Enquirer: 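I am attaching a structure below and will ask some questions about it afterwards.
Bear in mind that the values here come from a model prediction, so they are computed numbers and not experimental data.
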Amino acid sequence: MSAGWWRRGSGRDKRQGRGGLSAEQGSIAAGGNIAHAVALQVGQLVVQAPATEPRQSASAAQPPRELPMRETLAGETAGLDGLRAYLRDVPVPDSRSLPSSAAAGQSKLVVVHGQPGVGKTALAVNAAYEVKDAYPDGQIYLELHGDKATPRSSSDALGHMLLRSLHVDPKDVPNSVDDRAAMFRTLTADMRLLVVLDNAHSKDQIEPLLPTGPGCSVLITSRRALSFNSITQREPLPVRLPNDQNALAVLAHYAGQERVAAEMTAAMDILRFCSNLPLALRLVGCKLKESGHSLGRMRQALVDETDRLESLGRLDNSRLTACFTLSFQGLTPTTRSSFALLASLPPGRLTDWHLTRLATTRAAGLAAGDELLEVALMERLEEEDGGGDSESSYRMHDLTRLFLTRQYEQMPPEEQNALEERLVRAYRDAVVYWAAQRAPELRTEVDPQRMSDLSGASVTAAEWVADEQERLLWALDHARTLGLNAVAGEIGEALSYFLDDITLAPNSAEWIFEVAGETRPRVLAGLRRARAMASLAEGNPDRVLSLLPLSSDDAVERSRDRALWARDAMVVARAHSMKGDYRTALDRMTTAVDELRVVGDSWHTLGSLELLGELQRWRGKPELGEQSQREALRLAEQAGDLRARARLRRTLAETLGYLRRPSEAASLLESARDDFRLLRDRRWEGATEYALGKIYRLLGERQKALDCYSRAEGIFGRMGERLWLGRVNNARIRVLAGMGRLDDAAATARQAISLFEQLDDHMWVAHTQRDVGWLQLRARRPQDAEAPLTHAVDACAAAGDSYAGAMARHLRGVAYRELGRYTEAHADFDAALAIYRSGSYEWNEAAIAHDVIRTLRLEGRTEEADIMERDVSVDNPTFERMRGRDGAVAVPDED
């Protein structure tokens, strides 16, 4: 018998005829009237058997065991577990019964896909080793060179590899690929065989190589998620980059566990420089082990982004770069150039918007995206609420980005300029479109037809601009380079409406918001206001007043453009507030709000109302402050702006704290903090932790308050925000003193004053001096309390901060009482009561009433004290809750 295969472990029916065919098939073949016998099996592809049997080669003693050396897999094993479960469950072929379904009558097939170097082959080979016992007829491994310029042809793969692996004599291998494929299917129809096809290029290359027997399985690796329409296959399995923990395990496996543990900081940097790519980490790890160099030295070799690919390439004769090159060259020319430009931008998330703005049509842009996904140069991000017509998001890994950036740098300058101008104009249109939601006059500056994809986007204007901030600055810079100064001016003007949503580098405003040759009044006004707002952020209110010199009579200027004037006025009000001139600030902001309401500028109205509420609170009218801030919060909710809503919740909560409604305030602040965390806005998260600490203190939860202050300090310390660090220290004073830790409270007060004096912030020095005076009262040293409290009284009077001034007068009145200077005590108590009675400060009125009554009794004016106590008890229910309160001992603003 000359059959060219073995029978051991095949499980075939003994009644089969020559060459492993069924009796019926064998008789047809023996007749010699047709060239091939046709075997039709339900649920299988058509299998053609050659008329003459292939001869057995000399090496037919054993089934093929061709799997390459197994690599250790580090970290996550979910993919391996899934493959093992899928591939192990294979039936023993039985030609005596029909398959129950099409799927049951064919081979198993699974495609493992992912970007170059991510570890597809390692996963597939490990899975094959795990299940090899389920395939007694052998395991065939075939490298298809899908990452080479010329992938292995199907004909070559069948003739020189697959059929030879099944011990077919070379003389019996047919010439055509179809005949070779038919012979392979015939030979494997009753086998239990595992075929690993590594580095596949396309489904056309693969389809002739597929066995059809139900006992066979095919494990394919490819950069593409190959899909075969005629075959039931498992969902393609993507191999993604490992997380930090698993990537560290890969590096440690090759470099050595102890070395990595000894230089963990350098190891984490290497992970970041290698984008967690297993191939790159293996190259680095092997080089470290071979050379004996430290991880710190390797880190230095990779730290320069411009030379990183070359440094990695030198480790393996540029194998890593070659992985990217072939994928890139396989793209269409248009996709290559567009994607290379996107890679050269500041890094960040990509969306359909980026792809379509560089294409001639939206469909062409989306097709380019599909092309990039197919070859794994880009990865689709999973969106929480995706689906429908929402924009898809993508990620380009750092090493891919560096490779593509190099390709872009090699493009002809004229091609670069054309692409850049198209993208610059797209960024101009997009940011002006978003700005028009805050500045209605800009609605005529962009064609809404071209913005249809943005109008249906799930992001808000603030989120889009914040995400694209660095790329918008890129567009502004390149607009100037390309001579598009008018476009640069419009980008800067639009950005001016998002200064609360983005973070500018120090002293960058002059470059961003000044455009040579700009003459349009509206654009000039927006750029000037932006420079003023940047000056506010840098703590320079005098610069604001020089840029926006609003006179006391601005009727002419207001008549030209009321909206632009009012926007300037709100910035000027902020500057006066920063200078501690609350009277002028309140006047300016009140006027600005009135004008903005008239012109229907809702966005700037809500921003003005926010500070107006704070000014009203500081001037002794917290109930008006609450009204203003609730109106602002409603406008923010109507606008659907998460950041503005969170900010308004925080501001309103502070006012509610003044109104002695801490439970309401705590709920608002906790919600605002969660929103800022969602927005990854660390600065406002820290400011909210600070405010929440004050509320927890009012609720008597002092440890929670200290925890909030510690979190705020951690945020602001890393940011170098010295003003906020001073405020956090100031806030700790009352908590520590309330816990009986007077020495700690005094130390933190000194730290706060030192910071405020360095910043030349007179008002915060005054607020802290007030608390220093109170600490002296708690320490029973009223003679040492007078000076700091007088400093606070005078500073608050100069600034027009009525509420803070009333608190300082109240405490100084207590100090005078303790010193027996009753006339001066009553003068301060009366002045403080006048402020409290002008607003909704019932709690403060009750607290000061206790100190007035205590003073009267010390003077021997018992009857007056009794009358006052009786009257206040009737008029103010809070008074009874404070019975026995002594201002020389009690924590200010606590029961």
Enquirer: Quick one: CZ on R567 to CG on D601, what's the gap to the nearest 0.5 Å?
Expert: 4.5 Å
Enquirer: Keeping the roles fixed (side chain from R428, backbone from I491), state whether a donor-acceptor pair exists under 3.5 Å.
Expert: no
Enquirer: Mark yes or no for whether T356, through its side chain, and R362, through its backbone, hold a donor-acceptor pair below 3.5 Å.
Expert: no
Enquirer: Can any side-chain N or O of R422 pair as donor or acceptor with the backbone N or O of L358 at less than 3.5 Å?
Expert: yes
Enquirer: Kindly say whether N199 contributes a backbone atom to a donor-acceptor pair with the side chain of T221 at under 3.5 angstrom?
Expert: yes
Enquirer: Using only atom types and a distance under 3.5 Å, with no angle test, would you say the side chain of R677 pairs donor to acceptor with the backbone of E685?
Expert: no
Enquirer: Apply the test side-chain contact (heavy atoms from CB on, under 4.5 Å) to residues N276 and V250: give CA-CA distance (whole Å), side-chain angles for both, the deciding distance (0.1 Å), then the verdict.
Expert: CA-CA 9 Å; N276 285 16; V250 175; over 6 Å; no
Enquirer: With heavy-atom distances below 4.5 Å as the criterion, would you say the side chains of Y497 and V465 are in contact?
Expert: no
Enquirer: Nearest 0.5 Å, please: how far is CD in E379 from CG in L372?
Expert: 13.0 Å
Enquirer: Check the pair R634, E637 against salt bridge (Lys or Arg N to Asp or Glu O under 4.0 Å), reporting the backbone distance first and the verdict last.
Expert: CA-CA 5 Å; R634 283 195 297 272; E637 289 170 342; over 6 Å; no
Enquirer: Strictly by modelled atom types, are R380 and S392 linked by a side-chain donor-acceptor pair under 3.5 Å?
Expert: yes
Enquirer: Is the backbone of L109 close enough, under 3.5 Å, to the side chain of Y86 for a donor and an acceptor to pair up by distance?
Expert: yes
Enquirer: For A479 versus V487, what's the shortest heavy-atom pair and its separation?
Expert: CB-CG1, 4.3 Å
Enquirer: For the CD atom of Q437 and the CG atom of L442, what is their distance to the nearest 0.5 Å?
Expert: 11.0 Å
Enquirer: Does any part of the side chain of V218, heavy atoms only, come nearer than 4.5 Å to the side chain of I220, both counted from C-beta?
Expert: yes
Enquirer: With the side chain counted from C-beta on, respond yes when F498 and L472 share a heavy-atom pair under 4.5 Å apart, and no when they do not.
Expert: no
Enquirer: Hey, could you give me the CG/CD1 distance between L209 and I206, rounded to the nearest 0.5 Å?
Expert: 5.5 Å
Enquirer: Ignoring hydrogens and angles, state whether a donor on the side chain of R223 or H201 is under 3.5 Å from an acceptor on the partner side chain.
Expert: no
Enquirer: With no hydrogens and no angle check, just 3.5 Å: does a side-chain donor-acceptor pair link Q416 and Y408?
Expert: no
Enquirer: Looking only at non-hydrogen atoms, find the nearest pair between R240 and P238 and report the distance.
Expert: NH2-CG, 3.8 Å
Enquirer: Would you say the side chain of E463 lies within less than 4.5 Å of the side chain of L679, judging by non-hydrogen atoms?
Expert: yes
Enquirer: Should the pair R425-E420 be classified as a salt bridge under the 4.0 Å nitrogen-to-oxygen rule?
Expert: no
Enquirer: Just by modelled atom types, is the S222 backbone N or O under 3.5 Å from a matching donor or acceptor in the K120 side chain?
Expert: no
Enquirer: If you round to the nearest 0.5 Å, how far is CG of D156 from NE2 of H145?
Expert: 8.5 Å
Enquirer: Aromatic contact between H354 and Y394, with the criterion being ring centroids under 6.0 Å apart: yes or no?
Expert: no
Enquirer: Taking the side chain as everything from C-beta on, heavy atoms only, tell me whether V112 gets closer than 4.5 Å to T121.
Expert: no
Enquirer: Applying side-chain contact (heavy atoms from CB on, under 4.5 Å) to R480 and W511, what does each step give before you reach the verdict?
Expert: CA-CA 11 Å; R480 290 170 173 155; W511 174 80; 3.2 Å; yes
Enquirer: Nearest 0.5 Å please: distance from the CZ atom of R450 over to the CG atom of D429.
Expert: 4.0 Å
Enquirer: Does either side chain, that of R529 or that of S496, offer a donor lying less than 3.5 Å from an acceptor on the other one?
Expert: no
Enquirer: So, for A127 and L219, which heavy atoms are closest and what is the spacing to 0.1 Å?
Expert: CB-CD2, 4.3 Å
Enquirer: Which heavy-atom pair separates A534 from A509 by the least distance, and what is that distance?
Expert: CB-CB, 3.4 Å
Enquirer: If I compare all heavy atoms of F513 with all of G492, which pair ends up nearest, and what's the gap?
Expert: CE2-O, 3.3 Å
Enquirer: Do the side chains of E143 and R152 get close enough for a salt bridge, i.e. N-O under 4.0 angstrom?
Expert: no
Enquirer: Going by heavy atoms in the side chains, are W603 and L596 under 4.5 Å from each other?
Expert: no
Enquirer: Are E441 and R522 within salt-bridge range, i.e. N to O under 4.0 Å?
Expert: no
Enquirer: Is any side-chain N of the basic residue among D500 and R643 closer than 4.0 Å to the acidic one's carboxylate O?
Expert: no
Enquirer: If you measure only the distance, is there a donor-acceptor pair under 3.5 Å linking the side chains of T335 and T332?
Expert: yes
Enquirer: Do the charged groups of R520 and E518 touch, with an N to O distance under 4.0 Å?
Expert: yes
Enquirer: Between D501 and R647, does any NZ, NE, NH1 or NH2 come within less than 4.0 Å of an OD or OE carboxylate oxygen?
Expert: no
Enquirer: Could you tell me whether the side chain of R531 reaches within less than 4.5 Å of the side chain of E514, counting heavy atoms only?
Expert: yes
Enquirer: Contact between Q115 and L241 at the side-chain level, heavy atoms closer than 4.5 Å - yes or no?
Expert: yes
Enquirer: So E305 and R401, salt bridge (Lys or Arg N to Asp or Glu O under 4.0 Å) or not? Walk me through it.
Expert: CA-CA 11 Å; E305 185 176 275; R401 179 177 58 81; 3.1 Å; yes
Enquirer: Backbone N or O of A475 within a donor-acceptor pair of the H478 side chain at under 3.5 Å?
Expert: no
Enquirer: Report the C-alpha separation of D641 and T460 in whole Å, then their side-chain angles, then the decisive distance to 0.1 Å, and conclude whether the side-chain hydrogen bond (donor to acceptor under 3.5 Å, both in side chains) test is met.
Expert: CA-CA 6 Å; D641 191 292; T460 64; 4.7 Å; no
Enquirer: Would you call the rings of W684 and F676 parallel, tilted or perpendicular, taking 30° and 60° as the class edges?
Expert: parallel
Enquirer: Checking the side chain of R180 only, and the main-chain atoms of S155 only, is there a donor and an acceptor separated by less than 3.5 Å?
Expert: yes
Enquirer: Is there a donor-acceptor pair under 3.5 Å between the side chain of R336 and the backbone N or O of Q329?
Expert: yes
